[in-house]
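Below is one structure, written out as structure tokens; comments come after it.
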Amino acid sequence: FSASKLKFINMKAWEGNIEGVGSVKMRLKNEKSLMRKINERELNPNNISDYIGMRILVAENNSLSKGHLWILRNFDVIEMDFKKDIKSMHYQVKEKGSTNGFSFEIQVRPDAIEEHITAFHVEFYQKYIKKISAGKIDEINESELMKLVNAEARLNDDLEKLVPADLEKDIINLLEK
């Protein structure tokens, strides 16, 4: 996957004129992050789903459905699910009609929660959640674990205040269509 291909995909997002889009972010996983993921999770490089990541931040919560429809029109969707804990839709997609099998991840979430999720990710995800995911919870001492639990509770409270309660119901209705 080349830089020109990334630029094409990013431009495609803007050309799509998704009503209510605040911004589109893309990243190519760097080598250090890639190696850490392979080693910590004991993954085969062919099973990594997010070499390329795209995040569409929507200015209004109801624009999630517009982002969803744009993705369905512009990509072949391999898998999609709603991540309730971070109020985000996650898609594994590939270029429409592509036969090379290369896919990448797109996340769609309200712009209002991005700052909160990013702060949590920076402070806790790298340190603790990856260890828990890898079955290494015993490497986290009790005070660190309580710090994580409390931070996660604060994050959930913040997200509940920022995202309407009916968002999950709206997303489920979208997925059922």
Side-chain angles (χ1 to χ4, degrees), residues 1 9-10 12-13 16 18-29 33-34 37-38 40-98 101-122 124-126 128-135 148 152-153 155-177:
F1 229 68
I9 293 168
N10 196 18
K12 212 172 177 172
I18 310 167
E19 187 181 329
V21 165
S23 65
V24 176
K25 299 177 180 182
M26 291 194 71
R27 63 110 181 102
L28 187 58
K29 190 173 278 301
S33 176
L34 187 59
K37 190 170 201 169
I38 289 169
E40 287 178 1
R41 297 189 188 173
E42 299 176 3
L43 290 174
N44 177 319
N46 293 332
N47 294 332
I48 294 176
S49 62
D50 65 343
Y51 281 101
I52 296 173
M54 178 180 192
R55 185 169 297 145
I56 299 173
L57 300 175
V58 295
E60 301 170 16
N61 293 322
N62 63 0
S63 296
L64 282 172
S65 61
K66 293 173 179 139
H68 173 77
L69 294 173
W70 178 82
I71 290 168
L72 294 180
R73 281 193 310 270
N74 288 283
F75 299 96
D76 287 334
V77 176
I78 299 165
E79 186 179 350
M80 64 182 162
D81 68 308
F82 179 62
K83 304 282 187 184
K84 182 179 179 178
D85 57 334
I86 56 172
K87 313 289 188 218
S88 303
M89 281 297 299
H90 286 220
Y91 302 83
Q92 195 64 33
V93 302
K94 64 181 188 171
E95 191 175 357
K96 267 231 186 277
S98 172
F102 189 85
S103 67
F104 62 98
E105 179 182 73
I106 300 177
Q107 299 175 5
V108 182
R109 72 172 56 130
D111 191 32
I113 65 174
E114 178 67 4
E115 183 180 311
H116 298 271
I117 292 171
T118 300
F120 179 83
H121 187 85
V122 167
F124 295 100
Y125 185 79
Q126 300 292 341
Y128 306 120
I129 297 179
K130 282 187 174 184
K131 286 182 181 178
I132 293 168
S133 297
L148 171 63
E152 202 163 23
L155 175 66
N156 288 333
D157 289 346
D158 289 345
L159 298 185
E160 290 300 322
K161 291 174 193 167
L162 292 167
V163 178
D166 59 351
L167 175 68
E168 184 176 355
K169 183 179 74 178
D170 293 345
I171 294 298
I172 290 169
N173 288 338
L174 267 179
L175 295 175
E176 291 174 349
K177 290 182 181 178

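No hydrogens, no waters, no symmetry mates; every other heavy atom, side chains included, goes into these values.
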Pair Ser103, Gln92: side-chain N/O donor-acceptor within cut-off below 3.5 Å: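 Ser103 vs Gln92: donor-acceptor pair found between side chains.
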How far does [atom1] of [X] sit from [atom2] of [Y], to the nearest 0.5 angstrom?
| X | Y | atom1 | atom2 | value |
| --- | --- | --- | --- | --- |
| Glu115 | Ile113 | CD | CD1 | 11.5 Å |
| Ile71 | Asp76 | CD1 | CG | 12.5 Å |
| Lys87 | Glu114 | NZ | CD | 15.5 Å |
| Ile56 | Ser88 | CD1 | OG | 11.5 Å |

message: Do Leu148 and Phe120 have side chains that approach each other closer than 4.5 Å (heavy atoms only, starting at C-beta)?
response: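 Result yes, sub-4.5 Å side-chain heavy-atom pair found.
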query: Any side-chain heavy atom of Arg109 within less than 4.5 Å of one from Val58?
result: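 No. Closest side-chain heavy atoms not under 4.5 Å.
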message: If I compare all heavy atoms of Leu155 with all of His116, which pair ends up nearest, and what's the gap?
response: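 Where Leu155 meets His116 most closely, the heavy atoms are CD1-O, 3.7 Å.
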- prompt: Which of parallel (below 30°), tilted (30 to 60°) and perpendicular (above 60°) describes His68 and Tyr91?
  reply: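 Ring orientation of His68 relative to Tyr91: tilted.
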